[in-house]
Trainee: 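Quick one: structure below, then a few questions.
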Amino acid sequence: MSESNASRRSSTVQSFKVMDVLQRANELQSQGRTIYHCEVGQPESGAVSLLELTGIHTYCNMPCLALIPLRRSIVHHLYFKPKTVSQAAVAALNGGPNESRLGYTDAFGLLSLREKIASHYEKKYKDIPTERIGTDRIVVTTGSSGGFLLAFTACFDVGDSVAIASSGYPCYRNILQALGCHLANIPINREFKLTAAELRKEIQQRKENGLEKLRGLILSSPSNPTGAMLSVDELRELCELCEEEGIRFLSDEIYHGISYGKQEATALSFSSSAIVINSFSKYYSMSGWRLGWMVLPADLIIPVNVLQQNMFINAPTISQTAALKCWESETIEELEMHIAKYRSSREFILKELANIKEIDSTNVAPADGGFYVYIDLGEENVDIANGLGSTEMCRLLLEEEGVAFTPGTDFEDPASELGDRRFRISYAGGTNTVKNAMERFHHFWSTNWVCQVRAKKDT
């Protein structure tokens with residue numbers, strides 16, 4: 001095999017482990033195995049099954065279906081959600097000249113969609129200065145991932161130090177490293193949060209050790225993977241500290257709308273320099289449509305516009321067109337039914353975990369929002385030195401029981417061993433999937449995993 005000519009930059013990027021798990025789960029499924037998908041954060045309602053059409057175990061998203069002839073009789077039988085959104089997409093594809101305008105949009109996206117996003121902020125949140133949510137500040141992106149790339153490129157240069165939480169979303173780390181940034185991994189506290197207290201400690205340590213000043217912080221609330229949410233006061237304090245220290249705060253609010261009792265707040269209420277990143281993938285159940293948005297501070301409007309023009313031109317037009325229906329009363333009613341399912345699945349998982357005596361309840365993250373439960377197995381339930389960490393546990397669970405969970409190595413500082421002690425359960429895939437998965441996990445835990453770990457520790 002010839003020597004690779006790939007860039008050194010690409011070699012610094014780790015794989016997105018949850019996608020590795022998904023790949024193996026799909027391989028097993030293609031062999032006829034029943035697999036319970038609790039690895040990816042894809043809403044059950046957002047998937048489109050082509051099984052009836054092709055007989056192949058695969059999934060496709062709406063934009064991809066533009067590649068095949070669409071007849072209303074076929075579309076009616078496919079599992080498109082939300083209903084109003086999918087109907088708008090079909091109308092755009094099959095409609096007349098006034099309905100089917102799928103060429104380029106402005107780089108920042110359809111003005112009508114940006115107006116709806118601005119209206120959403122006015123209605124949902126308190127005390128946002130009007131100028132912070134003008135349509136000139138809103139850019140429609142190719143998913144939140146496109147937003148991350150635009151924001152990181154606009155804000156940071158090679159060698160800049162950017163803070164992330166450990167535990168945190170792995171693509172922050174991977175994209176920032178690909179762009180040549182240095183990472184400051186800040187451990188979360190006992191409540192599974194990164195607050196102003198943790199950031200202030202990092203700032204002080206860097207000053208004492210002569211390390212470079214932090215240029216940025218990216219953080220999600222509700223968090224992926226922990227589900228922990230910052231309180232309104234905690235978010236305010238974090239925004240104030242970032243402004244005092246000249247740290248650009250990127251607030252990932254992709255899981256807003258999916259919470260279970262705690263008040264949601266946006267950084268736009270407390271900061272004039274923060275970037276807010278959001279998406280249609282989670283609450284709006286449009287994961288495969290690759291559509292998100294950012295709300296920018298004034299100084300980044302021109303830089304992001306130039307970057308968007310050159311990197312993406314514009315977000316997918318059909319997705320933008322369909323997303324105009326996201327705030328219709330019929331759509332919201334349907335989406336709130338999804339939240340009720342998530343709440344039920346969350347309660348079931350937490351109850352089942354409470355019945356496993358070896359797992360300390362304080363090692364289970366609070367799951368305030370989003371659709372994940374994150375668990376620390378503790379030192380007593382792993383033997384990492386002998387290869388029995390959460391990575392091996394998740395591998396065996398998938399191979400033997402057909403249950404796909406994600407090991408914590410995706411979410412933790414690679415320099416620590418916490419990743420091999422922790423794992424994430426996604427309950428986005430439906431209540432029946434969750435119940436079957438937890439039943440099998442409980443069986444695997446008591447009859448297999450605990451026995452293996454104890455045997456190793458006793459030798």
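All values reported here derive from a predicted model rather than from experimental measurement. Side chains included, hydrogens not; waters and symmetry mates left out as well; all remaining heavy atoms used.
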Trainee: Given the rule in the side chain to side chain contact (heavy atoms under 4.5 Å, CB included) test, do Gln452 and Asp383 qualify, once you have shown the distances and angles that lead to the verdict?
Mentor: CA-CA 9 Å; Gln452 283 198 60; Asp383 189 350; over 6 Å; no
Trainee: Please check if the number of heavy atoms outside Met19 that lie under 6.0 Å from its CE is greater than 12.
Mentor: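 Result for CE/Met19: open.
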Trainee: Has Gln308 got a side-chain atom pairing as donor or acceptor with Phe108's backbone, closer than 3.5 angstrom?
Mentor: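 Checking the backbone N and O of Phe108 against the side chain of Gln308, no donor-acceptor pair under 3.5 Å is found.
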Trainee: State whether the side chain of Tyr260 and the backbone N or O of Gly370 hold a donor-acceptor pair below 3.5 Å, judged by distance alone.
Mentor: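 Confirmed, Tyr260 side chain pairs with Gly370 backbone.
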Trainee: Using 4.0 Å as the upper bound for N to carboxylate O, is an ion pair formed by Glu412 and Arg421?
Mentor: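 Answer for the salt bridge query: no.
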Trainee: Does the side chain of Thr362 come under 3.5 Å of the side chain of Asp360 through a donor N or O and an acceptor N or O?
Mentor: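 Yes - a donor-acceptor pair under 3.5 Å links their side chains.
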Trainee: Stepwise, does the side chain to side chain contact (heavy atoms under 4.5 Å, CB included) test hold for Asn386 with Thr459?
Mentor: CA-CA 11 Å; Asn386 287 303; Thr459 57; 5.6 Å; no
Trainee: If you define the side chain from C-beta out and look only at heavy atoms, does anything of Pro225 sit under 4.5 Å from Ser223?
Mentor: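 Counting from C-beta outward, Pro225 and Ser223 do come under 4.5 Å.
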Trainee: Under a 4.0 Å N-O cut-off, is there an ion pair linking Arg215 with Asp160?
Mentor: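 Salt bridge flag = yes for Asp160 with Arg215.
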Trainee: Using side chain to side chain donor-acceptor pair (under 3.5 Å), reason through His37 and Gln42 one step at a time and then give a plain yes or no.
Mentor: CA-CA 10 Å; His37 290 278; Gln42 173 172 281; over 6 Å; no
Trainee: Closest approach of Arg440 and Leu397, non-hydrogen atoms and distance?
Mentor: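 In terms of heavy atoms, the two residues are closest at O-CD1, 4.5 Å.
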Trainee: Ignoring hydrogens, what is the shortest heavy-atom contact between Lys193 and Lys262? Give both atom names and the distance.
Mentor: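 Minimum heavy-atom separation between Lys193 and Lys262: NZ-NZ, 4.3 Å.
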Trainee: Should we say atom CD of Gln31 is surrounded by more than 12 heavy atoms from elsewhere, each under 6.0 Å from it?
Mentor: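 It does: Gln31 CD has more than 12 such atoms within range.
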Trainee: I need the Ile218 CD1 to Ser251 OG distance, nearest 0.5 Å.
Mentor: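 Nearest 0.5 Å value for the CD1-OG distance: 9.0 Å.
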Trainee: Report the residue from Thr266, Ile138, Ile277 that forms a side chain to side chain contact (heavy atoms under 4.5 Å, CB included) with Val295.
Mentor: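 With Val295 as partner, side chain to side chain contact (heavy atoms under 4.5 Å, CB included) holds for just one option, Ile138.
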Trainee: Do Arg206 and Glu202 meet the salt-bridge criterion of a basic N to acidic O distance under 4.0 Å?
Mentor: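 Yes.
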Trainee: Donor-acceptor check, side chain of Ser161 to backbone of Glu212, threshold 3.5 angstrom: yes or no?
Mentor: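 No, Ser161 side chain to Glu212 backbone: no donor-acceptor pair under 3.5 Å.
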Trainee: Determine whether more than 12 heavy atoms belonging to other residues, nucleotides or ligands lie under 6.0 Å from atom CG of Leu211.
Mentor: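 Enclosed: over 12 neighbouring heavy atoms sit under 6.0 Å from CG of Leu211.
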Trainee: Could you please spell out the steps behind the side chain to side chain contact (heavy atoms under 4.5 Å, CB included) verdict for Met393 and Leu388?
Mentor: CA-CA 7 Å; Met393 186 195 78; Leu388 294 179; over 6 Å; no
Trainee: Examine distances only and state if a side-chain atom of Ser390 and a backbone atom of Arg422 form a donor-acceptor pair shorter than 3.5 Å.
Mentor: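 Yes, the answer is positive, given that a donor and an acceptor are paired below the 3.5 Å cut-off.
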Trainee: Taking the side chain from Lys457 and the backbone from Val382, do they hold a donor-acceptor pair closer than 3.5 Å?
Mentor: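 Flag set: sc Lys457 to bb Val382 pair under 3.5 Å.
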Trainee: Under a 3.5 Å distance rule, please check whether Arg33 uses its side chain to pair with a backbone N or O of Leu28 as donor and acceptor.
Mentor: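 No, because the side chain of Arg33 does not come within donor-acceptor range (under 3.5 Å) of the backbone of Leu28.
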Trainee: Over 60° means perpendicular and under 30° means parallel, so classify the ring planes of His256 and Tyr125, tilted if in between.
Mentor: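 The rings of Tyr125 and His256 sit tilted, inter-plane angle from 30° to 60°.
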Trainee: Can you check whether Asn432's main-chain N or O pairs, donor with acceptor, with Asn436's side chain at less than 3.5 Å?
Mentor: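 Yes, the answer is positive, given that a donor and an acceptor are paired below the 3.5 Å cut-off.
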Trainee: Does any non-hydrogen side-chain atom of Ser273 lie less than 4.5 Å from one of Arg248?
Mentor: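 Yes, at least one pair of side-chain atoms sits under 4.5 Å.
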Trainee: Applying ring-ring contact (aromatic ring centres under 6.0 Å, His included) as the test, list every pair that has at least one member in residues 380-412; sequence neighbours left out.
Mentor: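 Sorted result for residues 380-412: Tyr374-Phe411, Phe405-Phe423, Phe405-Phe441.
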Trainee: Hey, is the main chain of Ala315 close enough, under 3.5 Å, to the side chain of Gln320 for a donor-acceptor pair?
Mentor: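 Yes.
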Trainee: Work out which heavy atom in His442 is nearest to a heavy atom in Glu352; give both atom names and the distance.
Mentor: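 The pair with the smallest heavy-atom distance is ND1-OE1, 3.5 Å.
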Trainee: Is the shortest side-chain N to carboxylate O distance from Arg236 to Asp127 below 4.0 Å?
Mentor: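 No, no charged N to carboxylate O under 4.0 Å.
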Trainee: For Asp368 versus Ala228, what's the shortest heavy-atom pair and its separation?
Mentor: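 That would be OD2-CA, 3.6 Å.
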Trainee: According to the ring-ring contact (aromatic ring centres under 6.0 Å, His included) rule, which pairs have a member within residues 233-252, sequence neighbours left out?
Mentor: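 Every pair satisfying ring-ring contact (aromatic ring centres under 6.0 Å, His included) with a residue in residues 233-252: there are none.
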Trainee: Will you find, in the side chains of Glu243 and Ser271, an N or O donor that is under 3.5 Å from an N or O acceptor?
Mentor: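 The answer is yes; a qualifying pair exists.
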Trainee: Any luck finding a side-chain donor-acceptor pair between Ser285 and His338 under 3.5 Å?
Mentor: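 His338 and Ser285 do have a side-chain donor-acceptor pair below 3.5 Å.
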Trainee: Contact between Ile164 and Leu176 at the side-chain level, heavy atoms closer than 4.5 Å - yes or no?
Mentor: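 Yes. Closest side-chain heavy atoms under 4.5 Å.
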Trainee: Just how far is it from atom CG of Leu250 to atom CD1 of Ile275, taken to the nearest 0.5 Å?
Mentor: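 Here the rounded value is 4.5 Å.
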Trainee: What is the distance from atom NZ of Lys126 to atom OG of Ser269, rounded to the nearest 0.5 Å?
Mentor: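 Spacing of NZ (Lys126) from OG (Ser269) equals 10.0 Å.
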Trainee: Output yes when Asp20 and Lys17 qualify as a salt bridge under the 4.0 Å nitrogen-oxygen rule, no when they do not.
Mentor: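 Between Lys17 and Asp20 there is no salt bridge, as every charged N stays at least 4.0 Å from the carboxylate O atoms.
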Trainee: Do Ser144 and Asp252 touch side chain to side chain, with heavy atoms closer than 4.5 Å?
Mentor: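 Ser144 vs Asp252: side chains apart.
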Trainee: Run the side chain to side chain contact (heavy atoms under 4.5 Å, CB included) test on Val85 and Trp289 for me, step by step, so that the C-alpha distance in whole Å, both residues' side-chain angles and the decisive distance to 0.1 Å come before the verdict.
Mentor: CA-CA 11 Å; Val85 172; Trp289 300 66; 4.0 Å; yes
Trainee: May I ask you to decide if Leu396's main-chain N or O and Trp449's side chain share a donor-acceptor pair within less than 3.5 Å?
Mentor: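 No, because the side chain of Trp449 does not come within donor-acceptor range (under 3.5 Å) of the backbone of Leu396.
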Trainee: For Asn278 versus Tyr121, what's the shortest heavy-atom pair and its separation?
Mentor: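 Closest approach of Asn278 to Tyr121, heavy atoms only: ND2-OH, 4.2 Å.
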Trainee: So do the side chains of Glu198 and Asn189 get within less than 4.5 Å of each other, counting heavy atoms only?
Mentor: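 A side-chain contact under 4.5 Å exists here.
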Trainee: Thinking salt bridges, do Arg24 and Glu27 make one under a 4.0 Å N-O criterion?
Mentor: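 Yes, this pair counts.
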Trainee: Fit a plane to each ring of Phe148 and Tyr172, take the angle between them on a 0 to 90° scale, and name the class: parallel (under 30°), tilted (30 to 60°) or perpendicular (over 60°).
Mentor: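 Rings of Phe148 and Tyr172: perpendicular, as their planes differ by over 60°.
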Trainee: Please tell me if the side chains of Glu39 and Leu398 come closer than 4.5 Å, counting only heavy atoms from C-beta onward.
Mentor: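 No, their side chains stay 4.5 Å or more apart.
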Trainee: To the nearest 0.5 Å, tell me how far Ile425 CD1 sits from Arg346 CZ.
Mentor: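 Result: 13.0 Å between the selected atoms.
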Trainee: Are Cys242 and Leu217 packed together at the side-chain level, in the sense that at least one heavy-atom pair is separated by less than 4.5 angstrom?
Mentor: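 Result yes, sub-4.5 Å side-chain heavy-atom pair found.
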Trainee: Hey, could you give me the SG/CE distance between Cys326 and Met286, rounded to the nearest 0.5 Å?
Mentor: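 Between atom SG of Cys326 and atom CE of Met286 there are 5.0 Å.
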Trainee: Give the minimum heavy-atom separation between Pro43 and Lys282, together with the two atoms involved.
Mentor: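 So the minimum-distance heavy-atom pair works out to CG-O, 3.6 Å.
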Trainee: Would you call Lys201 and Ile186 a side-chain contact if the rule is heavy atoms closer than 4.5 Å?
Mentor: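 No. Closest side-chain heavy atoms not under 4.5 Å.
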Trainee: Does the Thr391 side chain pair with the main chain of Pro407, one donor and one acceptor, at a distance under 3.5 Å?
Mentor: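 A pair under 3.5 Å: no.
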Trainee: Knowing that exactly one of Tyr169, Phe192, Tyr255, Tyr427 qualifies, which makes a ring pair (Phe, Tyr, Trp, His ring centres under 6.0 Å) with Tyr372?
Mentor: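 Output: one option passes, namely Tyr255.
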Trainee: Once rounded to the nearest 0.5 Å, what's the spacing between atom CD of Glu347 and atom OH of Tyr342?
Mentor: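 Glu347 CD to Tyr342 OH: 15.0 Å, rounded to 0.5 Å.
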